[in-house]
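Notes for the one structure printed next.
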Amino acid sequence: MKKKLSVLLAMSVICVAVLAGCGKSEGPKTINDTKKEETKGSGKLAEKQEMTFILNNEPDTIDPNVTSNSFAVPFLVNCFEGLVTYNEEGEIEPGNAEEWKSNEDLTVWTFQLRDGLKWSDGSALTAKDYVYSALRVLTPETTGQYVNMISDYVVNAQEYYDGKVSAEEVGIKAVNDTTLEFTLKAPCPYFVDLVSMWVYFPVQEATIAANGDKWVTKAESYVGNGPFKITEMKTGESMTLEKNENYWGADDVTLEKLTYRYILDTSTSLTAYEGGEVDGVRTVPSSDIARMKAEDTGFKTAPSYGTVYYNFNCSVAPYDNVLVRKALNLAVDRKELINNVAQVDGTPAYSFMAPGYVVDGKDVTEGRSDFDLSETADVEAAKAALAEAGYPNGEGFPVVKLSYYSDDNVKKIAEAIKEMWETNLGIKVEVSSAEWAVFYDAVQSGNYEVAAMGWSADYVNPMSFLPLLYTNDVTNNAFYSNPEYDALVDQIKVEKDSAKFANLVLQADELVSADYPVLGLYYKSNTYLLKDYIEGVYMTSSANIYFKNAKVMEH
């Protein structure tokens, strides 16, 4: 944390206290490998600083103001940079802002931008660009999927979205070209964590004015401010990124060219990796994880602050019945899913909120209930809950429509859950799949019954999870509602005391998880493949993968 602390020492003491989210707290660390290895080569840089990395899913869009899709991350965090970013230890560090401070009650946050910031086209980037971008998110036509990350916090942001106030009345101001000020509705101890999210990234007004929403579809109009810029787009095939010479930290970027290849089939991508065609792969086929680990072939693991789960659409029958949701939870053998189906290094999940956020040396989820769930299926209890709900032995229960997005591993899990529910509960299950964009559109619109989901926290704080079940929140795709839970979350948002914060988080988690609004499956690590001659690539616990420190060594 030396770099972060050296910046903060010049500022008020209160800033030091809140940067980790809420008092003395820390999130999961970022580790490139389960065991740090020395590079198996000469220790010298290769003459050609170029690499190819396989992505196994295409994003819905690569517009940081619009998407909430994790498949866009490899583009967003490498072609753009926000006020703050993450280092290799998973800690917040200065990005476009070299320092920041807050007032005493944590309602006004001021960020000092670096001098001479530029866009990838060489034009000047100023605090006004951050204001423009935030207002763009707050424009309904933008369809920003993370709009609530701004509208819930900034003064008059929601009112601007609703067309009730002018832009000048929104609490985001460019004091001058290098000073940006946010005025918040209420104290927010974790606001610096929040602005690390890409919805707060700047986008260039000129390129959007000239190209509309098509600016993300052409390399020449995809103007960013990160360590890399896109120089070639081949739809459905590949994307070529090259070093952005106008990035403020360009002198520290060694990699000259990064090619993302799309290979949706994970077995095919593994064959390309093992055959030496590519240098890395984002997704490791689950059936090959044990072998890749044993063979020491560049298998990488990074701690994940995230959960794999299924959403129930709590707004439609019979999933609006807590006993039905409980029965479906009880009927799943999580141990079987982890060890034999998904074949991942995971632990059973009984709640949607992952462990990993620590306050005063104690995980905030420590000591929480198991909500009558266990790692194996409790068939008798599941049948009893379903009978109590009015469906003895599954009689009269409608056919469950279980949907998932196209992915080999996700398909295996969906088919296994179908078999468990049919065998253990005597009900019928129909399984269907669709490409991510189509699938997620249906989930967001509530056009589903049970849907495969997952969540990797976008910033390391429980508040990245809690809104997922908050009434009418844009991320609440389970359409769950509980006023008592909402009230607790409202308290958590503004709580400055770290111990009280932790206690409230546990209360909220206990309350909502006892309602079974989701089917928790497992908490897992992030895994990927990378040749041992590539150094400096790192992944955070939010599954953000960074190439700005990457180096290709002789081999």
Side-chain angles (χ1 to χ4, degrees), residues 30 32 49-82 85-88 90 95 120 145-146 196-199 201 203 216-217 219 222-244 247 253 255-264 266 269 272-273 278-284 298 300-302 304 306 405 407 436-437 440 454 456-459 526-531 534 536-552:
T30 301
N32 282 336
Q49 288 297 307
E50 300 180 1
M51 66 173 290
T52 300
F53 191 83
I54 291 178
L55 301 179
N56 302 101
N57 297 92
E58 290 189 64
D60 53 357
T61 177
I62 50 175
D63 185 333
N65 287 170
V66 173
T67 188
S68 64
N69 187 190
S70 61
F71 301 146
V73 165
F75 300 96
L76 303 182
V77 302
N78 291 290
C79 295
F80 289 88
E81 184 174 87
T85 186
Y86 288 95
N87 62 21
E88 295 190 34
S120 57
Q145 295 169 15
Y146 272 144
S196 72
M197 294 180 63
W198 57 76
V199 70
F201 287 3
V203 295
V216 297
T217 64
Y222 195 66
V223 178
N225 70 320
F228 297 95
K229 59 184 178 180
I230 295 179
T231 56
E232 185 178 41
M233 293 185 179
K234 294 182 179 180
T235 304
E237 184 179 333
S238 66
M239 296 278 217
T240 301
L241 282 62
E242 295 184 14
K243 177 178 174 178
N244 174 16
Y247 175 57
V253 178
L255 191 66
E256 294 289 341
K257 183 178 180 181
L258 169 62
T259 301
Y260 289 135
R261 277 181 61 188
Y262 290 125
I263 301 181
L264 305 189
T266 55
S269 64
Y273 178 80
V278 300
D279 306 295
V281 179
R282 177 61 187 89
T283 304
V284 187
K300 309 292 180 184
T301 301
S304 173
Y405 54 93
D407 179 277
W436 171 261
Y440 195 54
S456 290
D458 299 296
Y459 56 102
N526 290 311
T527 60
Y528 59 103
L529 295 171
L530 195 68
K531 296 292 187 181
I534 304 291
V537 176
Y538 63 97
M539 182 180 288
T540 67
S541 57
S542 297
N544 295 355
I545 188 165
Y546 293 84
F547 290 92
K548 65 181 179 181
N549 296 342
K551 298 177 182 179
V552 183

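Quick note: numbers below take in every heavy atom, side chains included, and nothing from hydrogens, waters or symmetry partners. Please read these numbers as outputs of a predicted model, since none were measured by experiment.
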(request) For Tyr86, enumerate each residue passing the ring-ring contact (aromatic ring centres under 6.0 Å, His included) test, keeping only those at least two apart in sequence or located in another chain. (result) none
Residue pair [X] / [Y], side-chain heavy-atom distance below 4.5 Å:
X	Y	value
Asn57	Asp407	yes
Thr259	Leu241	no
Met233	Thr240	no
Tyr262	Glu237	no
Ser304	Ser456	yes
Val77	Ile545	no
Val199	Pro64	no
Phe53	Phe547	yes

(request) List the steps and the verdict of side-chain contact (heavy atoms from CB on, under 4.5 Å) for Phe71 and Leu55. (result) CA-CA 8 Å; Phe71 301 146; Leu55 301 179; over 6 Å; no
How long is the span from the [atom1] atom in [X] to the [atom2] atom in [Y], to the nearest 0.5 Å?
X	Y	atom1	atom2	value
Asn78	Lys229	CG	NZ	15.0 Å
Met197	Ser542	CE	OG	9.0 Å
Thr283	Ile263	OG1	CD1	11.5 Å
Ser238	Ile54	OG	CD1	11.5 Å
Phe228	Cys79	CZ	SG	8.5 Å
Met239	Phe75	CE	CZ	4.5 Å

(request) Start with the C-alpha distance between Thr67 and Asp60, add both sets of side-chain angles, then the distance that settles side-chain hydrogen bond (donor to acceptor under 3.5 Å, both in side chains), and finish with yes or no. (result) CA-CA 7 Å; Thr67 188; Asp60 53 357; 2.8 Å; yes
(message) Test side-chain hydrogen bond (donor to acceptor under 3.5 Å, both in side chains) on Asn56 and Ser269; report intermediate values, then the result.
(response) CA-CA 8 Å; Asn56 302 101; Ser269 64; 3.2 Å; yes
(message) Let's go through Val552 and Leu255 carefully: what are the C-alpha distance in whole Å and the side-chain angles of both, what is the deciding distance for side-chain contact (heavy atoms from CB on, under 4.5 Å) to 0.1 Å, and is it a yes or a no?
(response) CA-CA 7 Å; Val552 183; Leu255 191 66; 3.8 Å; yes
Might you point out which heavy atoms bring [X] and [Y] nearest each other, and give the distance in Å?
X	Y	answer
Asn244	Gly226	ND2-O, 2.8 Å
Met51	Leu530	CE-CD1, 3.9 Å
Tyr260	Pro74	OH-O, 2.7 Å
Tyr222	Ser120	O-OG, 4.4 Å
Asp279	Tyr273	O-CE1, 3.6 Å
Met539	Tyr528	CE-CD2, 3.5 Å

(message) Going by the rule side chain to side chain donor-acceptor pair (under 3.5 Å), which residues pair with Asn544 if we only count those two or more places apart in sequence or in a different chain?
(response) none
(request) Verify the distance criterion only: is there a donor paired with an acceptor across the side chains of Thr301 and Asn526 at less than 3.5 Å? (result) no
(message) Side chains of Tyr546 and Glu88 only: does a donor on one sit below 3.5 Å from an acceptor on the other?
(response) no
(message) Once salt bridge (Lys or Arg N to Asp or Glu O under 4.0 Å) is applied, do any residues pair with Glu50, and if so which ones, sequence neighbours excluded?
(response) Lys48
Ignoring hydrogens and angles, tell me if any N or O in the side chain of [X] forms a donor-acceptor pair with the backbone of [Y] under 3.5 Å.
X	Y	answer
Asn225	Phe80	no
Thr231	Glu242	no
Asn69	Ala72	no

(request) Could you walk me through whether Tyr405 and Tyr440 pass side-chain contact (heavy atoms from CB on, under 4.5 Å), step by step? (result) CA-CA 8 Å; Tyr405 54 93; Tyr440 195 54; over 6 Å; no
(request) Please say whether more than 12 non-hydrogen atoms of neighbouring residues, nucleotides or ligands are located less than 6.0 Å from NZ in Lys551. (result) no
(message) One pair to check against side-chain contact (heavy atoms from CB on, under 4.5 Å): Thr85 and Lys548. What are the steps and the verdict?
(response) CA-CA 12 Å; Thr85 186; Lys548 65 181 179 181; 3.7 Å; yes
